[in-house]
Amino acid sequence: MSTRLAKHGRLIDRSKQIDFTFNGKTMKGYAGDTLASALLANGQVMMGRSFKYHRPRGVVASGAEEPNALMQLGTGDRYEPNQRATTTELFSGLQAQSQNHWPSLEFDVLSINNKLSRFLTAGFYYKMFIHPRPLWKHVYEPIIRKSAGLGAAPDAELKDADTYEHFYFFADVLVIGGGVAGLQAAKAAAASGAKVLVLEQNSYWGGRAPVDGGTIDGEAPEAWIEKTLAELRAMDNVTLRDRCMGSGVYDHGYALGYERLTDHAPGQGGPRHRLWRIRASQIVTATGAIERPLSFAGNDVPGVMLAGAMRDYVVNWGVKPGERVVVATNNDDAYRTALVLHDAGVEVVRVVDTRETGGGALMEAVREKGIRVELGRAIAKVKDGKSVTEVAICAQNGEGGAREIVQADAVAMSGGWSPVVHLWSHCGGKLIWDEVTASFRPDPERPPLGDKGQGFVVPAGAANGEFGLAALLEDAAVAGAKAAEAAGFPATTVAAAKGESVAEAQMEAVWLMPAKADVKLRMKSWLDYQNDVKVSDVQLAAREGYESVEHTKRYTTLGMATDQGKLSNINGLAILADSLNAEIPQVGTTTFRPPYHPISLGAIAGEARGEIFQPIRKTPMYDWHDRNGADWEPVGQWRRPFAYLRDGEDRHAAVNREVKNTRENLGLLDASTLGKLIVKGPDAGKFLDMMYTNMMSTLKIGKCRYGLMCSENGFLMDDGVVARIDEDTWLCHTTTGGAEHIHGWMEEWLQTEWWDWKVYVANVTEQYAQIAVVGPNARKVLEKLNAQAGGGMDVSREALPFMEWRDGQIGGFDARAYRISFSGELSYEIAVAASEGQAFWDALMEAGKEFGVMPYGTETLHILRAEKGFIMIGDETDGTVIPQDLGLNWALSKKKEDYLGKRAQQRSHMVDPDRWQLVGLETVDGSVLPDGAYAVGEGVNANGQRNMIGRVTSTYHSATLGRGIAMGLVKHGPKRMGEVIEFPGTDGKTYKAKIVDPVFYDKEGEKQNV
Amino acid sequence: MSKAVSELNGARYAGLAEVADAGLRGMITLRGDLDSAVLKSAVQAATGAGMPGIGRISVAADGAVAWMSPDELLLLVPYEEAGAKLAALQAALAGEHALAVNVSDARTYLRLSGEGAREVLAKVSPVDLDPAAFGPGQFRRSRLAQVAGAFWMEEDGSFGIICFRSVGEYVFKLLKTAAHPQSKVGVY
């Protein structure tokens, strides 16, 4: 059983004891512990159940690469599943729960899957559950979801209690990794004067060096680390961040840093995570290396750990993994673990080394301690169970027979070390196979390339395949200097610190243990712990024809778990290569994609939550609307009142009231959101003639004209009233949603096609509060305001006729009044400075009292326009509709040689007489047609569906007419006036509607022209 | 005129930095040939400030001129004088191909000041705010989290920030969030 040692533990503070709970049981740890080290210290070796077979699992690693020890942390609004015990710093009150078992970790009903493992091989789901089809959704999927999986999702009704933020930072050189290589590289880069940012994922600096030993500049590594940190901290051009993982490298030197600010101290205030969004000229990846497991049967039994991790637990956290340990290795490094364990008083019962010739000085040192070392030997099997009890040892070069059984409670394994090449590879850095270390390392000839074709990532130290302190530090110093020089700083040489470590003998590539393991052993030899993929699964995939490593990955799910195969990928593709009789480099690796390690969704969202989740655009009268019953409707990012609800009214009643009042008395509409673009210049008229389908150049100063805009494909994209301001200035109104888009559209044509035309455009949408004053009493209220102010703009029919505009004063406000109507009533749209909008609105409301003034919302706006048969962009149009479909031929200038969309509208499909065309629709029984309903015709199509002959585009209850009215596009519609067609609804009813003229109200247009 | 109210109506917040409504400011968008002598002297007359270099703002006693693009300037003038300054500018530019419009009311104008100002802004805008990279007189059109915005640094180290009026409240709350007292980054 694992326990806390009396000595050791350089990272823990034994004077600070911390209480935490695991599966409800209170345990004790120390400040500086990780959850994993604290659990081991409490004898908790088994930490979870596996994904598919529900096998007992314990911690296998000590860092970000951990596949097994995933926990559900916290409760309620701070609950989070799938958190690694190895990267979770212990804090007082931490609550952890193990995952993927029922009813308990100790007794799990679904561990029956382990007994069925022979049937649950790679591709099992695909083969088993494909037939019969309907059973998948209703039977198979729910069962599999219950059986396979990780932690439970957080409660959908709860909101994360924490906050998050982003931070933009720029550096000449970004160093990812604060081990000795990262610090050495940073020192070299900083010496040139470059601005350097160093990111370290842990809360401590120096990486593995203090655990692995050796000397730097003649001292223990810790001494050099402290000294170098002090030097770097004293430099103005260096920024050091710990608990901040370099999680991704992207195009052009963009990188993400994931800073965990309060995970170790929840509730202390401030953001929990900060996402650093970094631009760097050069990036040094000093990301170290990850140890590979050995593939032997039972290599996933709790108590089997990576040798380096076991060493970490002893040295860093003062935890011994067990009383009797077997060490299995193919290299010299694992002997360091044997020495550390021996020194800590743990009995090392055996070192089995696959190499017939054994190791070097480290092996000799182990032998000198009296530890039994066996060469050419392997682990045949670790006995299944909730912890290690028995280890069977056999010859490496055999099938696993002639076993010797030893009693042990922990196993340290080492299959060699792989450089962490993820960040080098994220943006396209290529790899080469290194025969000496049996690993992929960065190919210096093929780095990720920047905008000028320059390499922008420099690997350093172990991440570059350089092991051994001397080589590693030299490599890092060169990398740092090279990065600074590439970032434009003068070449400097900083002497590398002098590293000394014990020389190591050649390792041996071992991908299966024993080399000819029989199938029973291979079916218990795990490659991917988190996704439960075994040696036999990859071999099966190869037999079934999955030759590409990318296909094998997806078929077997090798490397697809939350750890993205940090431990499993190299072993898995070596097995695949062997099965295919190919060389490992030929098989290649799967793609490395960011993030290196899962990052929180909160960090990605940053500050965008709650009231600043999205910008909400507000007009100057927003607060008034809100206080006066506005039922808000989103229109793009704007909020507009749908209707103003009075006490006891529902939406429908409010809308009917607003419609009737506007037709009979006086309505006010906040139209400030309409786009307003000023177009000016000697060529502005010519330009607008191209932009609009109508002729705008001939518009007289002081007059307005309704215009249509089409895309170059002929489709109607926007509409609005254009006013001629002076000889070379026009003001173009766009739809609410179109302001930015149409502004961009105009600029694009002016900048790319007609760059020599003298036209400037400015978007003045937000300069004005624009209020539509609508209804029979509209003129009266304006005249009253002018009378009160002692004079103002003449708004009479004669002085300001329909479709004209004037500048002047209304009620003492500087205003521009347009006599335009989207309702069919007498109507003025009046623009005042946005800052005075509320005051002007108040004045209208006050003066309008005696005329029955009421504000109205967007629904009333829609009904008023629909009663008049006016189209609405986005209702009658959907990107496939041309003006001709809508009976708007009158707005297509015949005099102009060209306009955007004209050519497209002449194509055969556009002039097809079978195109659906706009008509009015009147239900036979006066009810309201369902929005979007389709009209059906005779016969069925090739799919056996009813043939469609039209659809509803706008549909409302008209309070004015006391019945449902609608518009729709119908095949040959205008020629079918009076015909009744059928619209099946989704409610099972079929609606019958008569085709009529789309203008339902005041067909002659007399009411707006008074 | 007393009827005019700025969108934020005097709001302020003090955290890592102080965020405050900077009130109504006269603003004129001017598009034209920035090399034209007529335009240059009209701008000087309107603001008292000379032409700014690329990415800079040129500040005078009651006016300023900011470089917005190769053919666009933003003129800052007293709010009450914007109409008169615009008329004078248009008169001076008669015959030139140029566009000048009053955008004073289309904007929200904020001030971000105090020691944490650089870091607060660097949380919401993808701009290098290192003192070596951004100093007084520099002007940047960029984005503030999800909306367009522009800012510059004054001689006293504070930032003038402008955004569209409709999102003034969003930007205020955004900066307030970024200025949370316990969110200091500690790099500037």
Side-chain angles (χ1 to χ4, degrees), chain A residues 163 165-170 195 197 239 241 261-262 268-271 274 277 279 606-608 610-612 614-620 622 637-638 672-673 678-682 728-729 758-769 812-814 832-840 843, chain B residues 1-7 24 27 29-32 71-72 79 82-83 97-108 119 121-130 132-133 144-148 163-171 173-174 176-178 180-187:
Chain A
T163 60
E165 69 181 23
H166 293 174
F167 186 65
Y168 295 91
F169 194 79
F170 295 71
K195 182 179 169 186
L197 171 65
T239 302
R241 302 300 286 200
L261 297 161
T262 68
Q268 76 165 21
R274 177 181 292 130
R277 306 178 67 169
R279 285 277 172 196
E607 81 299 327
E611 57 183 7
I612 52 171
Q614 267 221 324
I616 291 176
R617 299 179 72 182
K618 297 180 174 179
T619 75
Y622 179 95
Q637 288 181 323
W638 291 102
S672 306
T673 60
I678 299 280
V679 180
K680 179 173 184 275
D728 57 3
T729 309
K758 290 187 168 175
V759 183
Y760 285 123
V761 182
N763 184 349
V764 295
T765 302
E766 297 208 18
Q767 170 67 14
Y768 301 101
F813 289 82
D814 286 331
V832 300
S835 309
E836 296 179 7
Q838 185 58 57
F840 185 57
Chain B
M1 212 189 302
S2 62
K3 289 181 286 194
V5 183
S6 71
E7 203 275 332
L24 292 165
M27 297 188 204
T29 286
L30 174 61
R31 297 194 63 184
D71 63 2
E72 184 175 339
Y79 180 77
H97 172 42
L99 166 63
V101 285
N102 186 351
V103 292
S104 313
D105 303 288
R107 302 279 161 77
T108 290
E119 285 188 358
L121 198 50
K123 292 179 188 183
V124 300
S125 195
V127 173
D128 189 354
L129 287 157
D130 190 307
L144 306 167
Q146 300 178 59
V147 299
C163 64
F164 284 108
R165 180 192 173 95
S166 64
V167 292
E169 191 181 319
Y170 167 79
V171 169
K173 287 177 175 169
L174 177 73
K176 183 177 158 182
T177 303
H180 187 283
Q182 289 167 297
S183 68
K184 187 176 166 70
V185 183
V187 294

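Note: hydrogens, waters and symmetry copies are ignored here, and every other heavy atom, side chains too, is used. Note on naming: letters A, B, ... go to the chains in the order of the sequence lines (proteins, then strands), and numbering restarts at 1 for each one.
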What part of T619(A) lies closer than 4.5 angstrom to a heavy atom of chain B: side chain, backbone, both or neither?
neither
Salt-bridge contact E165(A)-R274(A) (side-chain N to carboxylate O under 4.0 Å):
yes
I need the residue from V185(B), V127(B), V187(B) with the largest number of non-hydrogen atom pairs under 4.5 Å to chain A.
V185(B)
Is D130(B) salt-bridged to K195(A), cutoff N-O under 4.0 Å?
yes
Residues in ring pair (Phe, Tyr, Trp, His ring centres under 6.0 Å) with H180(B), at least two apart?
none
With chain A, which of T29(B), L174(B), L121(B) has the greatest number of heavy-atom pairs at distances under 4.5 Å?
L174(B)
Between A834(A), A839(A), P615(A), A769(A), which shows the greatest number of heavy-atom pairs under 4.5 Å with chain B?
P615(A)
Separation of S166(B) OG from E169(B) CD (nearest 0.5 Å)
11.0 Å
Which region of Q268(A), side chain (C-beta onward) or backbone (N, CA, C, O), has a non-hydrogen atom less than 4.5 Å from a non-hydrogen atom of chain B, or is it both or neither?
backbone
Would you check if there is a donor-acceptor pair between the side chains of K123(B) and S183(B) at a distance under 3.5 Å?
yes
Cut-off 4.5 Å, heavy atoms of chain B, and the answer for R279(A) is neither
F840(A): ring pair (Phe, Tyr, Trp, His ring centres under 6.0 Å) partners, not counting sequence neighbours
F813(A)
So, Q767(A) side chain and A106(B) main chain: donor-acceptor pair closer than 3.5 Å or not?
yes
Where does V101(B) contact chain A at under 4.5 Å (heavy atoms): side chain, backbone, both or neither?
side chain
Cut-off 4.5 Å, heavy atoms of chain A, and the answer for V171(B) is neither
Non-hydrogen atoms of chain B under 4.5 Å away: do they reach the side chain of V759(A), the backbone, both or neither?
backbone
Looking at A133(B), A145(B), S125(B), which has the largest count of heavy-atom pairs under 4.5 Å with chain A?
S125(B)
Side chain, backbone, both or neither of I612(A) within contact of chain B (heavy atoms, under 4.5 Å):
both
Heavy-atom side-chain proximity of V679(A) to T729(A) below 4.5 angstrom:
no
With chain A, which of A178(B), G83(B), P126(B) has the greatest number of heavy-atom pairs at distances under 4.5 Å?
P126(B)
Looking only at M27(B), R107(B), E72(B), E119(B), the option with the highest number of non-hydrogen pairs under 4.5 Å against chain A is E119(B)
Between the side chains of Y168(A) and D128(B), is a donor N or O closer than 3.5 angstrom to an acceptor N or O?
no
Interface check, chain A: of G32(B), P181(B), S6(B), most non-hydrogen pairs under 4.5 Å belong to G32(B)
